[in-house]
Amino acid sequence: MGDDRSPEVLYDDEELPARRLTGRVGLAVSIVAFAVAVLVLWQVFRPLARGSQYYLIIFLAGTLPLVFVAYRFRRSSRQYPSKSDWILALAALIVCLYPLNPFNGGYDAFLDRQGLLDPIDVVFGAIMLVLVIEACRRTTGWALPVVCLAFLAYAYYGGLLPQSWPIAHAGLDFAQIVDALYNSGSGFYGTPLDVAATYIVLFTIYGAVLDLSGASRFFVDLSVAAFRRSRSAAGRTAVAAGFLLGTVSGSGTATAVSVGAVTWPMLRRAGYPPEQAGGMLAAAGVGAILSPPTLGAAAFIVAEYLDVSYLTVLGWAMIPTVLYYLGILLAVEIDVRRFRVRSLSVAPVSALRLLARFGYHFSSLVLIVVLLALGESATRAVVYATLLAFLLSFLDRTSWLTSRRVFEALSAGVRGVLPVVAVCTAAGIITATTTKTGLGAQLASLLVRGAQSLFTDPTAVLAMTVVLAAVALALLGLAVPVTASFIIGWVIIGPALLALGVPAPAAAMFVFYYSVLSEVTPPTALAAVGASAITGGRTIPTMWQALKYALPAFLAPIAFVLTPAGSYLLARGSVLEVTWATAVAMLAVAALAIASGGWVLGVGPAGTVPRVSAALSGLILLYLSPPAIATGTALLLAAITWTAITRHRSSPPGMPSLARPPGGLSPSPTSPAATNSGAPSGEAAARPSAPRSSPPTSPPDERG
């Protein structure tokens, strides 16, 4: 368990590849990142006396310059910063610290000039705006900066629009825009950056410490040991490892790549095609953003926007997480039968023995939940959990967290949060613009009016609004990262749902889940891109396979907002109400899995008619009302019955028919795609639980 490797700086999936800095430059960056980590930890127990915005100014001054050093101006092989990178880093440091400038009155005087900035204030604010957009471009690509520029153009030119248009406003001059961004609590130093600087960075540090303590390897080994006797062992192991690693990283792409590097050789030997395996890994990895206790970055923003504790958000996420992984596991079981996956023989490592020896890695995860339940703040809870993970590392000599490795973990945690800092700071442009112009309320009104133009019944209006909102969020997620997608979606779509009577928790979680869906939606599914790089499969087909795995459970959030009973899926109700709603939702996910996978477990392959019937059943069941439950159940039974009758008629007496995989999807074990493991040399061999393939003794029955 464990090794001496430094942690990968890949704890968030909203980033382009960072430079691999070494030598003096790498050491300098690590020292600055370590200093920022110390500041973050100090702020938890001894908050700076000047207030939150004062802390955010210092935090941004320590992190924004690092973006220009750690990330390239353009994609290239250059590993060291250029002169222009150093100039931009220095400029970022100066403009970030300018509000604290003692030669111009200091911090208090700067705040007093809010609404009446000096010309020099506007100049520094304008430079800050350019640097924030450039930092965002370097870490996430062009999409989000273009969106930010569009919002800026709307703020400046919106006054020129015909005043009869719903989205027209009085107009803002450049100084007013800079003031809103540079010297207010809704711009650069708004809620998104506050969340990144107080919550997210602490969880990335915790993830780095837990990874170095050997937890990541233990989670994968435990997954292998738990399912070694099953014909579905390879697929189940990948999904279980994705969930366990997701509780640490909270990152879809990082989890998919980490799990894939270890489990792809096993999946290949079992007979999974590269695209199919990549889709499974991507879907399992994206579940990391949904998995307590370290949900994705947007979950912290949910807690801040709704003014609830992070433990409350974790409670809302529990049942949807179960539904999500249920959908993936059902898809895995279906694919085992569709592709005639082979059984594997693995080393006889006992799961109980692993738990007895290394089960202490779960302790820090449990501690977070316990402390939150006792009323401790999320920031202190994760710090205490990090300290526990540090102490427990000394139970395994190969994973001791020496002073050098603690330094590496703290600096890696801060470097891992740099893309989130860039995104959250840039998101301040969007939130400030919508606040100043009232754009969010106007767009929400347009969305509702669009639905009302098609229907007059309130239920139909809500349903159409939900559909339009889901499509809008899916399209938005194609362009911007999850965190920015949620922020934009909440300020625009959130008010529309609230106006129709949807409870705030249901509306927020609906926006959150559909923002996450972008991670598996072609053509920009980052998790699928990372997984395809591991398996050697084609990228676009891998994306479609990932969407197939994730889609059944991702339709479940529609129930959050479509009916009052949907709140039961967020554990907001009595035990009986939550139980029956969960059972119905699980039945709906099973029906949707049949529709997307084309197979009825225990029966056989489903034709077009049963698949359509199952799809309708799943969608109707999600309405969670007695008539809908009765109708959906009847349609599902009809689909199963039709499949059973069809299979019985097509099978010769006494001879079960064998399922054949679709042509061209199952490569031979010696095909080039199958031999490209994508894992580092010796990765699988180093694990005592690595499986070895063995041919099945008899062809599997399609009913298996």
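For the numbers below, each heavy atom of this structure counts, side chains included, while hydrogens, waters and symmetry mates do not. Bear in mind the structure is a predicted one, so any value in this text is a computation, not a measurement.
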Distance-only polar pair, side chains of Ser364 and Tyr206, donor-acceptor under 3.5 Å: yes
Tyr199 and Glu304: side chain donor to acceptor below 3.5 Å: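 A pair is found: one side chain offers a donor N or O, the other an acceptor, under 3.5 Å apart.
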Closest heavy-atom contact between [X] and [Y]?
X: Leu624; Y: Ala581; result: CD2-O, 4.0 Å
X: Thr139; Y: Ala422; result: OG1-CB, 3.6 Å
X: Ala197; Y: Leu56; result: CB-CD2, 3.6 Å
X: Thr535; Y: Pro274; result: OG1-O, 3.3 Å
X: Pro320; Y: Leu569; result: CD-O, 3.3 Å
X: Ser30; Y: Ser411; result: O-CB, 3.4 Å

Name of the residue among Val322, Ile328, Leu326 meeting side-chain contact (heavy atoms from CB on, under 4.5 Å) with Tyr324: Ile328
side-chain contact (heavy atoms from CB on, under 4.5 Å) partner of Phe407, chosen from Leu401, Ile31, Thr402: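 With Phe407 as partner, side-chain contact (heavy atoms from CB on, under 4.5 Å) holds for just one option, Ile31.
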Please examine the side chains of [Y] and [X], heavy atoms only from C-beta on, and report whether any two atoms are closer than 4.5 Å.
X: Leu371; Y: Arg380; value: no
X: Tyr305; Y: Val511; value: no
X: Tyr384; Y: Glu376; value: yes
X: Ile487; Y: Pro192; value: yes
X: Arg572; Y: Pro503; value: yes
X: Phe358; Y: Leu395; value: no
X: Trp490; Y: Ile301; value: no
X: Tyr55; Y: Thr198; value: yes

Rounded to the nearest 0.5 Å, how far apart are [atom1] of [X] and [atom2] of [Y]?
X: Leu323; Y: Thr582; atom1: CG; atom2: OG1; value: 6.5 Å
X: Ser567; Y: Trp316; atom1: OG; atom2: CH2; value: 9.5 Å
X: Leu212; Y: Phe390; atom1: CG; atom2: CZ; value: 12.0 Å
X: Thr312; Y: Leu570; atom1: OG1; atom2: CG; value: 11.5 Å
X: Thr386; Y: Leu202; atom1: OG1; atom2: CG; value: 7.0 Å
X: Met586; Y: Ile319; atom1: CE; atom2: CD1; value: 10.0 Å

side-chain contact (heavy atoms from CB on, under 4.5 Å) between Leu601 and Arg337, intermediate numbers included: CA-CA 9 Å; Leu601 294 176; Arg337 289 145 180 84; 3.7 Å; yes
Residues Glu333 and Arg236 bridged, charged N to O under 4.0 Å: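 Yes, this pair counts.
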Test of ring centre spacing under 6.0 Å for Phe203 and Phe300: yes
Between Phe560 and Tyr514, ring centroids under 6.0 Å: no
Working for side-chain contact (heavy atoms from CB on, under 4.5 Å), residues Val286 and Tyr549: CA-CA 11 Å; Val286 167; Tyr549 276 99; over 6 Å; no
Audit row: Tyr272, Val336, side-chain contact (heavy atoms from CB on, under 4.5 Å) steps and yes/no: CA-CA 9 Å; Tyr272 279 94; Val336 165; 3.6 Å; yes
Step-by-step side-chain contact (heavy atoms from CB on, under 4.5 Å) determination, Val302 to Phe486: CA-CA 9 Å; Val302 171; Phe486 172 79; 3.3 Å; yes
Side chain Glu577, main chain Ser574, donor-acceptor under 3.5 Å: yes
Check: Ser377 main-chain N/O paired with Tyr310 side-chain donor or acceptor under 3.5 Å: no
